[in-house]
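Remarks on the structure that follows.
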Amino acid sequence: MVNPELAIIPQHVAIIMDGNGRWANKRGLPRTVGHSKGVEAVRETVRAAGDAGVKYLTLFAFSSENWSRPETEVRDLLGLLRRFIRQDLAELHRENIRIRVIGEREKLRSDILPLLLEAEETTKFNTSLTLIIAFNYGARDEIARAVAMLARDVEAGILKASEIDPDKISAKLDTAGIPDPDLIIRTSGEERLSNFLLWQAAYSELVFLPDYWPDFDRKLFLDALKIYASRDRRFGGLSDKTIAVGG
Ligand code: IPE
Ligand code: IPE
Ligand code: MG
């Protein structure tokens, strides 16, 4: 039987996976141990999302601002992503999961870009969950690149400036074709978006959890879905409940 608390499953869940460093710190361990544990939480979350019937799962893996961390930490994080794709791609593909990568890719190093492209190419016809990895991603950078593309279209005479509207902008974002996130979860107790999906988050429900990302699991994922199911999304209009009782 369907759990009534989970009656409304979000189509797209996006997660700001935060708190790896603090998780490790609390245990007197190096930050990198927290990042490694975080990969296990990623694996569990992907399975949980698929099982719950979520169609799109976006994970914020590395922001365009994360390059400002010490070089050793950046190296660890990139190494973990490479290893995740090498080790898990075959299984994700077997599970019919499609991988998409969002973020700036022009200047990415040659040891990471081909892997990301391979993951997208291998899984492009898969039809269960779409796993969107936000890597070297920053929303302002994404919007600026979209605006530059539109400006080039105007210069080339394919588009009139007066025709630019929100749909035209959405279509040039890295997330083109992906519905906006219904639910954005952030772990670790921080309550901010940190330059994540700023355009797409216009009407997302936000759920902030106190737990650090390495502790995130199926139960916490389902807890977040329950909180989502209890929210009343109005999109600027009136809720169905209000209309039902005559205002
Ligand atoms: C999230 O954990 C991982 C990335 C941002 C890549 P953090 O590394 O930000 O952990 P805290 O926030 O310092 O605890
Ligand atoms: C956001 O976390 C980026 C990722 C989860 C990849 P940060 O830890 O970088 O965010 P701030 O610096 O606390 O805002
Ligand atoms: Mg952090």
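Keep in mind the model is a prediction, meaning the values are calculated, not measured. Whatever order the structure lists them in is the order used to number ligands and atoms, beginning at 1.
Results of the side-chain hydrogen bond (donor to acceptor under 3.5 Å, both in side chains) test with R218 over D51, D223, T45 single out D51 as the only residue that passes. Only one option out of D18, N20, D211 pairs with S188 in a side-chain hydrogen bond (donor to acceptor under 3.5 Å, both in side chains); it is D18.
Annotation: side chain of D153 is not in contact with side chain of M149 (no heavy-atom distance under 4.5 Å).
Listed by chain and number, M17, D18, G19, N20, G21, R22, R31, H35, A61, N66, R69, E73, L77 each place a non-hydrogen atom less than 4.0 angstrom from ligand 1.
Judged as a ring-ring contact (aromatic ring centres under 6.0 Å, His included), not a single pair has a partner in residues 87-127 (not counting sequence neighbours). Within the structure, ring-ring contact (aromatic ring centres under 6.0 Å, His included) contacts touching residues 141-198 (residues at least two apart or in different chains) are F60-F196.
The side-chain tip of R69 does not point at the ring of W67 from less than 6.0 angstrom away and within 45° of straight on.
Close approach of ligand 2 to R192 is summarised as follows: ligand atoms under 4.0 Å from at least one heavy atom of the residue are 11 (P), 13 (O), 14 (O).
No donor-acceptor distance shorter than 3.5 angstrom exists from the side chain of H12 to the backbone of D182, with no hydrogens or angles considered. Side-chain atoms of R27 do not come within 3.5 Å of backbone N or O of R22 as any donor-acceptor pair.
Sorted by chain and number, the protein atoms of type N, O or S within less than 2.8 Å of the Mg ion (ligand 3) are D18 OD1.
Between the side chains of S194 and R186, a donor-acceptor pair is found at a separation under 3.5 Å. Side-chain polar atoms of R233 and Y228 form a donor-acceptor pair below 3.5 angstrom.
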